[in-house]
Amino acid sequence: MTQQSSLGVAVIGTGRMGADHVRRITEVTSGAHVAAVVDLDTDRAEAIAAGVDGCTAFADPAEALTSPGVDAVLVASPGPAHEAALLTAFAHDLPVLCEKPLTPDTAAALRLLEAEQRLGHRRVQVGFMRRYDREYVRLKALLDSGELGRPLMLHNRHRNPENPPGFTSAMAINDSVAHEMDITRWLLGQEVTAVTVLRPRPSGNAPEGLADPQFVVLETDGGALCDVEIYLNARYGYQVQAEAVCEHGTARIGDGHDLLVTAAGRWGGTVTPGYLERFEDAYDREVQAWVDATRRGEVTGPGIWDGYAVAAICEAAVRSQTEGGRVEVHLVDRPAFHDA
């Protein structure tokens with residue numbers, strides 16, 4: 001592939017997220033096209049491939065990654081399948097955008113960290129798309145400027161209209177709060193050292209056996225305290241907010257005040273129905289940044305280290321959730337390879 005040519009992407013996993021990425025690369029992203037789609041559900045993969053010019057459907061990732069015209073890989077399959085897909089991509093030295101979670105556990109994440117080290121260069125960008133959201137980017141720039149002084153606390157709220165079928169209390173951590181764990185590390189430039197999960201009386205909207213809502217407290221190595229309210233069955237819509245409390249002021253994002261209407265004795269706006277709508281622009285910017293960097297021969301954005309760190313925080317949080325109390329987070333030494 002040359003700098004001028006279009007990047008041929010193989011999308012592994014054609015469920016809701018993978019299908020949306022196929023649409024995004026085909027209709028929104030410049031400099032790339034979908035060359036292959038992969039799914040164990042071959043009917044689904046073939047149906048998606050049929051709607052994309054020059055796209056071939058596969059059931060086996062290894063076969064897809066050796067097919068002509070594949071220059072890069074986007075992994076959107078379920079988390080337990082990520083390690084095998086990434087190792088296959090490493091075997092062909094292909095750049096990868098991997099949806100979060102990198103892996104469901106730290107042991108697998110460490111194996112991937114070591115495998116990428118053996119390659120001698122970064123190959124993976126992890127899909128923590130909030131780092132590309134315009135509001136989070138502005139908040140990060142403000143905190144980095146020092147204008148408000150040192151961050152002391154970070155309040156996060158993460159509300160969904162309802163949980164998907166089969167969602168568990170642990171999945172509330174691994175699949176939802178994982179985003180706040182990463183964004184906390186990124187906004188503050190600090191690692192999380194301990195986590196405590198508190199559970200109030202469950203909402204009457206929550207299915208039987210699901211702890212919802214939950215309240216997660218994160219401690220960082222920079223002395224900040226961060227909390228996350230995760231409420232999976234808030235009913236009214238999808239809402240993500242963050243407020244940084246600093247020495248000289250506060251800053252808040254996520255209020256969704258693009259349009260406020262006052263009429264008939266009431267005022268208000270709208271709440272997005274789901275994460276794809278709320279973060280559509282962030283996903284667009286994330287994929288475009290990955291394509292642009294890949295065509296330059298670079299890898300940017302959150303990497304395997306970030307995926308590993310979040311996996312370790314999640315494991316500690318699930319322990320706190322099940323055993324109670326404060327659980328420390330222990331990370332291996334960060335390789336210099338991932339300092340950039």
Side-chain angles (χ1 to χ4, degrees), residues 11-18 20-21 38-41 61-62 73-90 96-117 123-131 158 160 163-186 191-192 194-197 209-212 214 216 218 228 230 232 275 286 301-323 327-332 334 338:
V11 177
I12 299 178
T14 57
R16 186 182 185 192
M17 192 76 257
D20 193 55
H21 279 313
V38 186
D39 204 299
L40 291 175
D41 185 338
V73 187
L74 194 156
V75 177
S77 51
H82 287 185
E83 183 181 8
L86 289 171
L87 290 175
T88 301
F90 288 172
V96 182
L97 173 58
C98 179
E99 275 298 338
K100 71 88 191 166
L102 173 69
T103 62
D105 61 274
T106 56
L110 280 173
R111 289 193 293 268
L112 289 173
L113 186 68
E114 293 165 356
E116 192 183 51
Q117 289 274 78
R123 264 300 175 230
V124 178
Q125 176 179 322
V126 179
F128 291 120
M129 81 294 178
R130 290 193 192 178
R131 298 191 186 199
H158 186 161
N160 291 265
N163 64 271
F167 218 71
T168 66
S169 298
M171 290 172 70
I173 300 295
N174 295 324
D175 289 5
S176 296
V177 182
H179 280 294
E180 277 77 20
M181 292 168 174
D182 177 71
I183 212 65
T184 291
R185 298 175 55 253
W186 182 67
E191 292 292 1
V192 174
V195 58
T196 305
V197 178
L210 179 66
D212 184 45
Q214 298 181 49
V216 182
L218 307 173
V228 185
I230 177 65
L232 297 170
Y275 71 94
E286 173 194 48
I304 285 184
W305 173 263
D306 301 293
Y308 157 70
V310 169
I313 304 167
C314 284
E315 284 190 356
V318 172
R319 274 190 56 200
S320 175
Q321 188 186 64
T322 55
E323 300 172 9
V327 177
E328 293 187 354
V329 178
H330 299 286
L331 302 177
V332 299
R334 179 170 179 154
H338 285 268

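- Evaluation of the side-chain contact (heavy atoms from CB on, under 4.5 Å) rule for Ala311 yields Thr106 as partners, not counting sequence neighbours.
- Closest approach of Ser169 and Gly209 over heavy atoms only: OG-O, 3.8 Å.
- Applying the salt bridge (charged side-chain N to carboxylate O under 4.0 Å, His left out) test to pairs two or more places apart or on separate chains, those with a residue in residues 305-317 are Arg131-Asp306, Arg185-Asp306.
- In this structure, the side-chain contact (heavy atoms from CB on, under 4.5 Å) partners of Ala107, at least two apart in sequence or on a different chain, are Asp105, Arg111.
- Nearest heavy-atom pair across Val75 and Ala85 is CG2-CB, 4.2 Å.
- Side-chain contact check for Phe90 versus Val124: some heavy-atom pair is nearer than 4.5 Å.
- Taking all atoms of both residues into account, the shortest heavy-atom contact from Ala316 to Val329 is CB-CG2, 3.8 Å.
- Interatomic distance, CD1 of Ile173 versus SG of Cys314, reported as 7.0 Å (0.5 Å rounding).
- Of all heavy-atom pairs spanning Ala312 and Leu331, the tightest one is CB-CD2, 3.5 Å.
- Checked against ring-ring contact (aromatic ring centres under 6.0 Å, His included), Tyr308 has the following partners two or more places apart in sequence or in another chain: Trp305.
- Although no hydrogens or angles enter the test, the distance criterion places no donor-acceptor pair under 3.5 Å between the side chain of Ser320 and the main chain of Val327.
- We find the CG-OG1 distance between Leu210 and Thr168 to be 7.5 Å, quoted to the nearest 0.5 Å.
- For Arg16, the salt bridge (charged side-chain N to carboxylate O under 4.0 Å, His left out) criterion is met by no residue, not counting sequence neighbours.
- Residues Leu97 and Glu286 form a side-chain contact, since some pair of their non-hydrogen atoms from C-beta on lies under 4.5 Å apart.
- Here Glu99 contributes atom CD and His21 contributes atom NE2; the two are 3.5 Å apart, rounded to the nearest 0.5 Å.
- With sequence neighbours excluded, the residues satisfying salt bridge (charged side-chain N to carboxylate O under 4.0 Å, His left out) with Glu180 are Arg130.
- Across every non-hydrogen atom of Pro104 and Gly79, the tightest pair is CD-O, 3.6 Å.
- Side-chain contact between Val192 and Met181: absent, with no pair of heavy atoms (C-beta onward) separated by less than 4.5 Å.
- In this view, Asp39 and Thr14, Arg44 satisfy the side chain to side chain donor-acceptor pair (under 3.5 Å) rule, not counting sequence neighbours.
- Remark: Ala62 pairs with Asp60, Thr88 by the side-chain contact (heavy atoms from CB on, under 4.5 Å) rule, at least two apart or across chains.
- By the 4.5 Å heavy-atom criterion applied to side chains, Arg123 and Leu86 are not counted as neighbours.
- Listed by chain and number, the residues in a side-chain contact (heavy atoms from CB on, under 4.5 Å) with Ser176 are His158, Phe167, Ile230, Leu232 (sequence neighbours excluded).
- Looking at Lys100 and Val310, their side chains never come closer than 4.5 Å, going by heavy atoms from C-beta outward.
- The environment of CG in Leu87 is crowded: more than 12 heavy-atom neighbours from other residues, nucleotides or ligands sit within 6.0 Å.
- Looking only at side-chain heavy atoms (C-beta outward), Leu218 and Ile313 come within less than 4.5 Å of each other.
- In this structure, Glu114 has no salt bridge (charged side-chain N to carboxylate O under 4.0 Å, His left out) partners at least two apart in sequence or on a different chain.
- Under the rule for a salt bridge (charged side-chain N to carboxylate O under 4.0 Å, His left out), the partners of Asp20 that lie at least two apart in sequence or sit in another chain are Arg23, Arg24.
- A pairwise comparison of heavy atoms in Thr103 and Ala109 identifies OG1-N, 3.2 Å as the closest pair.
- Taking His82 as the reference, nothing meets the ring-ring contact (aromatic ring centres under 6.0 Å, His included) condition, with sequence neighbours excluded.
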